[in-house]
Amino acid sequence: MKTSQRAPRLPRLVSPFLVIVGLVAGAALLTVSTSKSQPAHTDEGPLPDLGGAIGWLNSAPLNGKSLRGKVVLVDFWTYTCINSLRPLPYVKSWAAKYKDAGLVVIGVHTPEFSFEKEPANVENALRALKVTYPVAIDSDYRIWQAFNNDAWPAQYIIDAQGRIRYHHFGEGEYVEIERIIQQLLKENGATGVDGSTVSVSARGVEAAPSGYEGSPETYVGYRQAERFASPERLAHNSVKTYSPPTRLSLNHWGLSGSWIDGAESAVLQVAHGKIVFRFHGRDLHLVLAPTKDGKPVRFKVTLDGAAPGDNCGSDSAPDGTGEVHEPRLYQLIRQKGPIEDRTFEIEFLDPGVQALDFTFG
């Protein structure tokens, strides 16, 4: 599991198993890659208020009264989080499979980064990810707080009487979650519920993890930056020219060129700046945003000093080229062969790019 300082730290709703570390000014959130859940026979209280959303996508606003008589799955997620993206194929499949049996799936989009608070960016992400079920835009963390939630991803299942009967944090346990959905639908009188469970085969960023991740989530902004290896110290909120590390140990990274490193992101000041990272994993992702005025930024990536070829990601070509044209997670490497320690480098051919967060798969 990984920590992220973004929203007010709140009391646990249930279960003391998540350990909070790295508290800053009393604030912390968790991104969870491991899986924790509670049995469906528990009653964890009523469905909290959904009225705190700043807007809804794919639906008129929903509330406890309008949802009474339905089984409800609430999925807390954010669109740049790899741990939130990989469960999506299952959540989308459940929404389609059990809609006629009385299941309502609600995505609650609670942001990690500032640009994820913008409704237009969330709407673009839903379109790209083909999410068609209702999504509450929780940019002010009101629904997050109402649930006393503190993890991405998190799923809560509510029965037809409006009571929370099950919760789960992290990836995995998809069969168990679907069995609980089936159980509560049958309790509600649904007939003909298919007892099989869905099987998904996702591609790109939604594909299941490889199990070979040897590198942790790594933030570029100074607020949570770790293992920075350029010879120069990381400056805060000021222009500084960096040189690449002469030698990179596993899970260390560095900058090259003129950058301003802010609390959330590093912003390139002059073209041809670089980021290098020594990593271990099948996939390498980087959360990137274009210039503040929205102008695209071209880039080129290498793997151990050469073009990635067949090891390119869904957002890079075999020759390593690509373009940052919207704020989101970019998959830059997906290795096809043996997984071993590799050195990744990305060169930005235009100034103004915002680099935020590395994740792996």
Side-chain angles (χ1 to χ4, degrees), residues 1-2 4 30-35 77-93 112 125 128-130 152-153 170-175 198-220 226-227 229 248-254 274-288 299-324 328-347 355-361:
M1 76 185 63
K2 297 157 283 186
S4 170
L30 294 180
T31 306
V32 182
S33 55
T34 55
S35 183
W77 71 299
T78 187
Y79 82 82
T80 66
C81 171
I82 191 63
N83 304 113
S84 293
L85 293 173
R86 291 191 292 226
L88 274 184
Y90 292 91
V91 178
K92 290 185 285 188
S93 294
E112 178 176 13
L129 295 166
K130 296 180 171 57
W152 295 292
E171 299 182 52
E173 301 297 338
Y174 302 118
V175 170
V198 300
S199 176
V200 304
S201 179
R203 303 176 64 184
V205 296
E206 295 181 49
S210 66
Y212 292 101
E213 301 102 312
S215 293
E217 181 172 19
T218 300
Y219 292 89
V220 178
E226 296 179 291
R227 298 175 297 277
L248 267 180
S249 300
L250 181 63
N251 299 329
H252 286 65
W253 63 284
K274 299 179 180 180
I275 308 177
V276 294
F277 200 116
R278 184 75 171 167
F279 77 102
H280 187 102
R282 181 193 65 191
D283 304 335
L284 180 144
H285 315 100
L286 181 56
V287 178
L288 297 165
F299 64 76
K300 187 170 185 178
V301 304
T302 61
L303 195 61
D304 291 338
D310 290 343
N311 293 316
C312 64
S314 57
D315 292 301
S316 60
D319 66 357
T321 58
E323 185 177 272
V324 180
R328 61 175 174 86
L329 179 145
Y330 288 77
Q331 185 186 85
L332 302 174
I333 297 294
R334 167 155 286 173
Q335 297 191 71
K336 307 300 191 297
I339 308 304
E340 54 190 32
D341 297 356
R342 309 293 291 271
T343 297
F344 166 85
E345 179 180 285
I346 183 167
E347 178 181 9
L356 293 90
D357 184 25
F358 282 94
T359 55
F360 304 89

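All residue numbers in this chain count up from 1 along the given sequence.
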Quiz item: Heavy-atom distance under 4.5 Å between the side chains of Arg86 and Pro209, does that happen here?
Solution: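 Of all side-chain heavy-atom pairs linking Pro209 with Arg86, at least one is under 4.5 Å.
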Quiz prompt | 4.5 Å side-chain heavy-atom contact, Pro216 and Glu226 | solution =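 The answer is no, as the side chains (C-beta and beyond) never meet within the 4.5 Å cut-off.
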Quiz item: Is Arg328 positioned over the aromatic face of Tyr330, cation under 6.0 angstrom from the ring centre and no more than 45 degrees off axis?
Solution: yes
Practice problem: Tell me whether the centres of the aromatic rings in Phe344 and Phe360 are closer together than 6.0 Å. | Solution: no
Quiz item: If you draw a 6.0 Å radius around NZ in Lys130, do more than 12 non-hydrogen atoms from other residues or ligands fall strictly inside?
Solution: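 For Lys130, atom NZ is not crowded (no more than 12 foreign heavy atoms under 6.0 Å).
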Practice problem: Please step through side-chain contact (heavy atoms from CB on, under 4.5 Å) for the pair Thr218 and Phe279, ending with a clear verdict. | Solution: CA-CA 11 Å; Thr218 300; Phe279 77 102; over 6 Å; no
Which heavy atom in [X] sits nearest to a heavy atom in [Y], and how many Å separate them?
{"X": "Arg278", "Y": "Ser249", "answer": "CB-O, 3.3 Å"}
{"X": "Ile339", "Y": "Arg282", "answer": "CD1-CA, 3.7 Å"}
{"X": "Pro318", "Y": "Ala307", "answer": "O-CB, 3.6 Å"}
{"X": "Pro87", "Y": "Ser84", "answer": "CD-O, 3.3 Å"}
{"X": "Gly337", "Y": "Asn311", "answer": "N-OD1, 4.1 Å"}
{"X": "Pro89", "Y": "Ala202", "answer": "CG-CB, 3.6 Å"}

Quick one: does [X]'s side chain have a donor or acceptor within less than 3.5 Å of a partner on [Y]'s backbone?
{"X": "Arg227", "Y": "Asn251", "value": "yes"}
{"X": "Ser210", "Y": "Gly361", "value": "yes"}
{"X": "Tyr174", "Y": "Gly172", "value": "yes"}
{"X": "Gln335", "Y": "Gly281", "value": "yes"}
{"X": "Asp341", "Y": "His280", "value": "no"}

Exercise. Assess whether side-chain contact (heavy atoms from CB on, under 4.5 Å) is satisfied between Val220 and Trp253, documenting all intermediate values.
Key: CA-CA 9 Å; Val220 178; Trp253 63 284; 4.0 Å; yes
Any chance you could measure [X], atom [atom1], to [Y], atom [atom2], to the nearest 0.5 Å?
{"X": "Gln331", "Y": "Leu286", "atom1": "CD", "atom2": "CG", "value": "12.0 Å"}
{"X": "Thr359", "Y": "Asp283", "atom1": "OG1", "atom2": "CG", "value": "9.0 Å"}
{"X": "Ile346", "Y": "Thr302", "atom1": "CD1", "atom2": "OG1", "value": "9.5 Å"}
{"X": "Glu213", "Y": "Leu284", "atom1": "CD", "atom2": "CG", "value": "12.0 Å"}
{"X": "Leu332", "Y": "Phe358", "atom1": "CG", "atom2": "CZ", "value": "8.0 Å"}
{"X": "Lys300", "Y": "Glu323", "atom1": "NZ", "atom2": "CD", "value": "15.5 Å"}

Self-check item: salt bridge (charged side-chain N to carboxylate O under 4.0 Å, His left out) between Glu206 and Lys92, worked out
Solution: CA-CA 12 Å; Glu206 295 181 49; Lys92 290 185 285 188; 3.2 Å; yes
Self-check item: Candidate pair Asp357 and Thr80, rule side-chain contact (heavy atoms from CB on, under 4.5 Å), full reasoning
Solution: CA-CA 9 Å; Asp357 184 25; Thr80 66; over 6 Å; no
